[in-house]
Amino acid sequence: MRTNMSFDENVLVLVKKIPKGRVTTYKEIARALDSRAFRAVGQALKRNAKPVEIPCHRVIHASGEVGGYAGKGSSREKAELLRMEGVEIRGGMVDLERFGYRF
DNA sequence: CGCAGTCTAGCAC
DNA sequence: GTGCTAGACTGCG
C-alpha cells in the first residue's frame with residue numbers, strides 16, 4: 001500500500017472499501033497503512049477531496065465511540081446513518097466485536 | 001479524567 | 001526548501 005498515492009488518498013481508498021453495515025476504527029486504518037497516524041487519518045477524512053465516496057460515518061474511535069464528524073449533523077447524523085445501515089448503536093457507541101470491520 | 005505520544009498535511013519564515 | 005503548529009485519536013498514569 002501507500003504506493004503512488006499520498007497518505008490521505010490511501011485512507012480514502014480503505015474507507016471506501018468498508019462494506020455497508022460495518023464500521024472501522026482509526027486505529028485499524030492506520031494499522032492497515034502500516035502506521036500509527038490515527039490523527040492523520042482523521043485529517044485525511046476531514047480534508048478529503050471526495051466526501052461523497054468516503055463514508056466517514058463508518059469510521060469511529062477504537063473504543064467503539066462514534067467520535068466526531070465534520071458533516072452537518074455531526075456525530076448525531078453519523079450514528080443515525082450507521083444504525084440505518086444495520087449497525088447497532090447504543091448511546092453513540094458501536095459494538096466493534098460485531099460491526100468492527102478489519103482489513 | 002488528564003497528559004503524552006505518534007504522523008501527516010498545511011502555513012509561515 | 002526547512003521548520004513549526006494543529007488535529008474527526010489512542011494509550012497510559
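Chain naming here is simple, since letters A, B, ... match the order of the sequence lines and numbering starts at 1 in each. What's counted below: heavy atoms across the whole structure, side chains too, no hydrogens, waters or symmetry copies. The model shown is predicted, which means the values in this text are computed figures rather than measured ones.
The distance between atom OH of A:Tyr26 and atom P of B:dC7, rounded to the nearest whole Å, is 19 Å. Look at CG on A:Leu45: it is 14 Å from P on B:dG10, rounded to the nearest Å. Distance CD1 (A:Ile29) to P (C:dG7): 20 Å, rounded to an integer number of Å. With rounding to whole Å, A:Arg31 atom CZ is found 20 Å from C:dC9 atom P. Put simply, CZ on A:Arg36 is 14 Å from C1' on C:dG11, counting in whole angstrom units. The distance from atom CZ of A:Phe7 to atom C1' of B:dT6 is 11 Å, rounded to the nearest whole Å. What separates CG of A:Asn10 from P of B:dT8 is a distance of 11 Å, to the nearest Å. When the P atom of C:dG7 is taken as reference, atom CG of A:Asp8 falls 18 Å away, rounded to whole Å.
Across all non-hydrogen atoms, the minimal contact from A:Ala30 to A:Ala37 is CB-N, 3.9 Å. When all heavy atoms of A:Phe7 and A:Ala40 are compared, the closest pair comes out as CE2-CB, 3.9 Å. A:Thr25 and A:Val59 get closest at one heavy-atom pair: C-CG1, 4.5 Å.
Both A:Tyr101 and A:Ile29 belong to a common hydrophobic cluster when Ile, Leu, Val, Met, Phe, Trp and Tyr are linked at side-chain heavy-atom distances under 4.5 angstrom.
Taking a pair to require two hydrogen-bonding distances under 3.5 Å in either a Watson-Crick or a G-U wobble arrangement, C:dT2 pairs with B:dA12.
The A:Lys46 side chain lies nearest to C:dG7 when the options are B:dA9, B:dC7, C:dG7.
OP1 and OP2 of B:dC7 both lie 4.0 Å or more from every side-chain N or O belonging to A:Arg39. OP1 or OP2 of C:dG11 lies within a sub-4.0 Å distance of a side-chain N or O belonging to A:Lys27. In this model, the phosphate group of C:dA8 is not approached by any side-chain N or O of A:His61 to a distance below 4.0 Å at OP1 or OP2.
When each of A:Gln43 and A:Ala62 is assigned the nucleotide of DNA chain C bearing its nearest heavy atom, the one mapping closer to the 5' terminus is A:Gln43. Between A:Ile60 and A:Ala40, the residue anchored closer to the 5' end of DNA chain C is A:Ala40, taking for each the nucleotide with the nearest heavy atom.
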Verdict with reasoning, A:Arg102 to A:Thr24, per side-chain contact (heavy atoms from CB on, under 4.5 Å): CA-CA 7 Å; A:Arg102 298 187 184 183; A:Thr24 202; over 6 Å; no
